[in-house]
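See structure below.
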Amino acid sequence: ATVNNAKRFMEVQEEFGTFSKYIWSFVGGKPIVNQFSELKEVPAKTEISDALAKDLKKRGFKFLGSTVVYAHMQATGMVNDHLINCWVRNQ
């Protein structure tokens with residue numbers, strides 16, 4: 001799956017110029033800032049992560065799903081799910 005995904009990654013780069021342009025197009029090019037006050041409100045996946053995972057699978061990516069994609073979105077700053085009282089939220 002790793003070798004396959006690397007090949008698919010390069011195909012996306014070729015089509016869109018960069019993988020970043022492709023992936024950020026799913027959020028309109030800017031982070032989604034959520035307004036959660038409790039951890040239990042933070043989702044494991046969203047409609048956007050569902051759509052992105054579906055598109056990645058259509059492009060031949062393997063070993064991923066909406067939850068993994070949403071975690072990637074959180075880790076890369078595409079989604080800000082820091083709670084409203086978190087000191088890191090606005091950094």
Side-chain angles (χ1 to χ4, degrees):
T2 303
V3 172
N4 172 73
N5 287 353
K7 290 176 182 176
R8 303 300 76 83
F9 183 93
M10 292 184 340
E11 290 169 0
V12 169
Q13 282 183 308
E14 190 173 312
E15 181 178 344
F16 291 86
T18 66
F19 189 80
S20 182
K21 284 182 186 176
Y22 161 74
I23 203 166
W24 278 88
S25 71
F26 284 84
V27 293
K30 55 186 175 181
I32 295 170
V33 180
N34 289 314
Q35 303 292 321
F36 301 125
S37 57
E38 298 181 28
L39 280 177
K40 65 182 176 183
E41 297 176 277
V42 179
K45 62 182 187 161
T46 64
E47 288 182 16
I48 295 173
S49 66
D50 290 346
L52 179 50
K54 183 178 179 180
D55 193 69
L56 288 166
K57 287 179 184 179
K58 183 179 84 177
R59 293 174 180 280
F61 283 79
K62 305 286 184 201
F63 202 67
L64 62 84
S66 186
T67 302
V68 169
V69 168
Y70 194 68
H72 175 82
M73 292 171 69
Q74 291 171 314
T76 60
M78 294 174 67
V79 171
N80 182 348
D81 279 344
H82 287 274
L83 302 181
I84 56 174
N85 62 352
C86 178
W87 66 274
V88 178
R89 180 177 176 76
N90 295 319
Q91 292 185 359

**OP:** Determine, stepwise, if the pair Q35 / V33 fulfils side-chain contact (heavy atoms from CB on, under 4.5 Å).
**Re:** CA-CA 7 Å; Q35 303 292 321; V33 180; 4.0 Å; yes
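- Hydrophobic clustering places L64 together with W24 (ILVMFWY residues linked when any side-chain heavy atoms are closer than 4.5 Å, directly or through intermediates).
- Hydrophobic clustering places F16 together with M78 (ILVMFWY residues linked when any side-chain heavy atoms are closer than 4.5 Å, directly or through intermediates).
- The heavy-atom pair separating A53 from G65 by the smallest distance is CB-C, 3.7 Å.
- Within the 4.5 Å cutoff, no side-chain heavy atoms of Q13 are placed close to those of T18.
- Across all their heavy atoms, R89 and N34 have their closest contact at NH2-O, 2.7 Å.
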Original post:
What do the steps show when you test T2 against K62 for side-chain contact (heavy atoms from CB on, under 4.5 Å), and what is the final call?
Top reply: CA-CA 8 Å; T2 303; K62 305 286 184 201; over 6 Å; no
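- Panel note: side chain S49, backbone K45; no donor-acceptor pair is recorded below 3.5 Å.
- With hydrogens and angles disregarded, a donor-acceptor distance shorter than 3.5 Å links the side chain of E41 to the backbone of E38.
- Remark: side-chain polar atoms of S66 are paired, donor with acceptor, to backbone N or O of D50 under 3.5 angstrom.
- Using a 30° and 60° split on the angle between ring planes, Y22 and F19 fall in the tilted class, from 30° to 60°.
- Taking the charged nitrogens against the carboxylate oxygens, R59 and D55 do have a contact shorter than 4.0 Å, which makes a salt bridge.
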